[in-house]
Novice: 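Quick one: this structure, given as structure tokens, is what I'll be asking you about.
All residue numbers in this chain count up from 1 along the given sequence. Remember, it's 1-based here, ligands and their atoms both numbered in the order they're listed.
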Amino acid sequence: MPAAWVFATNNKHKLDEVRHAAGSLITLQSLAQLGCTEILPETGHTLEENARQKAEFVFAKYGVPCFADDSGLEVEALNGEPGVASAHYAGPQRSSTDNINLLLSRLKNEANRKARFRCIIAVASHQGLQLFEGVLNGNIAIQPQGTMGFGYDPVFVPEGETRTLAEITLEEKNKISHRARAVRKLISFLRGQIQ
Ligand code: IMP
């Protein structure tokens, strides 16, 4: 009988990705399946704090082992911005187009285009708290290219690539993405817990 875990998200893409990676190791519930309808705390100043807040809230309230993720884009020439503010960089409308336009305007005439996507997965269980990190290094393009993906994908060119993340298939992205890298670490942790 696989162990029951909650993934503190209702994002179907993220749930599918982790379910696929975990196979029959665990059964995974979303927040909706758990019956959790409240807005989870996410008031931290770092990805680590936000992921931790969400996982610990669910574990404390429902007593089910839980993991939660938080991710963002960190641009070297902008001292790590937009970072934890990635989703609402250009304002509360959370528009990817506005966010990209603001980012490109802040990088106008900037030669250093180095950036990275970072994903943190926090695990809260009877074993305490664990954090797993996944990083994808790359560069910010001069202008958006491609129509696939979401968020900053049209302006992010992974290291060793000439295409943006919006020009590669989801299958290719899922092999190299910051989230996939953090998920792989999570799965090997869960394997160690369960076997
Ligand atoms: P979340 O924590 O995964 O919801 O990500 C927060 C924000 O970071 C998103 O709204 C996007 O703006 C940005 N982001 C995170 N992961 C990606 C990605 O894989 N591609 C593009 N943007 C991303």
Novice: Side chain, backbone, both or neither: which applies to R179 and ligand 1 if a contact is any heavy-atom pair less than 4.0 Å apart?
Specialist: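 Side chain only.
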
Novice: Which residue and non-hydrogen atom of the protein lie closest to atom 8 (O) of ligand 1, and at what distance in Å?
Specialist: S86 CB, 3.4 Å

Novice: How far is atom 2 (O) of ligand 1 from the closest protein heavy atom, and which atom is that?
Specialist: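 The answer is S71 N, 2.9 Å.
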
Novice: For atom NE2 of H88, is the number of surrounding heavy atoms from other residues, nucleotides or ligands below 6.0 Å larger than 12?
Specialist: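 Counting other residues, nucleotides and ligands, NE2 of H88 exceeds 12 neighbours.
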
Novice: Taking atom CZ as the centre, does R116 end up with more than 12 heavy-atom neighbours from other residues, nucleotides or ligands that are less than 6.0 angstrom away?
Specialist: yes

Novice: Under 4.0 Å from a heavy atom of G151: which atoms of ligand 1 are those, numbered in the order shown and with their elements?
Specialist: 21 (C), 22 (N)

Novice: Is it the case that the side chain of D70 and the backbone of C119 share a donor-acceptor pair, with hydrogens and angles ignored and the cut-off at 3.5 Å?
Specialist: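 Such a contact is absent between D70 side chain and C119 backbone.
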
Novice: Checking contacts here: is it the side chain or the backbone of F150 that comes within 4.0 Å of ligand 1, counting heavy atoms only? Could be both or neither.
Specialist: both

Novice: For atom 19 (O) of ligand 1, what is the nearest protein heavy atom, given as residue, atom name and distance?
Specialist: K173 NZ, 2.9 Å

Novice: Please write down residue, atom name and distance for the protein heavy atom closest to atom 4 (O) of ligand 1.
Specialist: K14 NZ, 3.4 Å

Novice: Counting only heavy atoms not in E171 (residues, nucleotides, ligands), do more than 12 fall under 6.0 Å from its CD?
Specialist: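 No - once you tally the heavy atoms of other residues, nucleotides and ligands closer than 6.0 Å, there are 12 at most.
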
Novice: Indicate if I176 and I140 have the same hydrophobic cluster label, given that clusters are the connected sets of ILVMFWY residues with side-chain heavy-atom separations under 4.5 angstrom.
Specialist: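 Both belong to a single hydrophobic cluster.
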
Novice: Applying side chain to side chain donor-acceptor pair (under 3.5 Å) between R52 and each of E48, E56, E49, report the one that passes.
Specialist: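 Result: among E48, E56, E49, E56 is the only option passing the side chain to side chain donor-acceptor pair (under 3.5 Å) with R52.
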
Novice: Can you tell me if D70 contacts ligand 1 (heavy atom of the residue under 4.0 Å from the ligand)?
Specialist: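 A heavy atom of D70 does come that close to ligand 1.
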
Novice: Please write down residue, atom name and distance for the protein heavy atom closest to atom 22 (N) of ligand 1.
Specialist: Y152 N, 3.2 Å

Novice: So is L165 in contact with ligand 1, going by heavy-atom distances below 4.0 Å?
Specialist: no

Novice: Write out the residue and atom name of the closest protein heavy atom to atom 23 (C) of ligand 1, then the distance separating them to 0.1 Å.
Specialist: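 Going by distance alone, atom 23 (C) of ligand 1 is nearest to F117 CE2, 3.5 Å.
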
Novice: Could you give all pairs that pass the ring pair (Phe, Tyr, Trp, His ring centres under 6.0 Å) test and reach residues 110-164, with sequence neighbours left out?
Specialist: F59-H126, F117-F156, F117-H178, F132-F189

Novice: I'd like to know if E38 and K61 make a salt bridge, using a cut-off of under 4.0 Å between side-chain N and carboxylate O.
Specialist: yes

Novice: Can you pull out the closest protein heavy atom to atom 16 (N) of ligand 1? Residue, atom name and distance to 0.1 Å, please.
Specialist: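 Checked against all protein heavy atoms, atom 16 (N) of ligand 1 sits closest to H178 NE2, 3.1 Å.
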
Novice: Main chain of S30, side chain of Q33: is a donor-acceptor contact present, judged purely on distance under 3.5 Å?
Specialist: yes

Novice: Please write down residue, atom name and distance for the protein heavy atom closest to atom 10 (O) of ligand 1.
Specialist: A87 CB, 3.4 Å

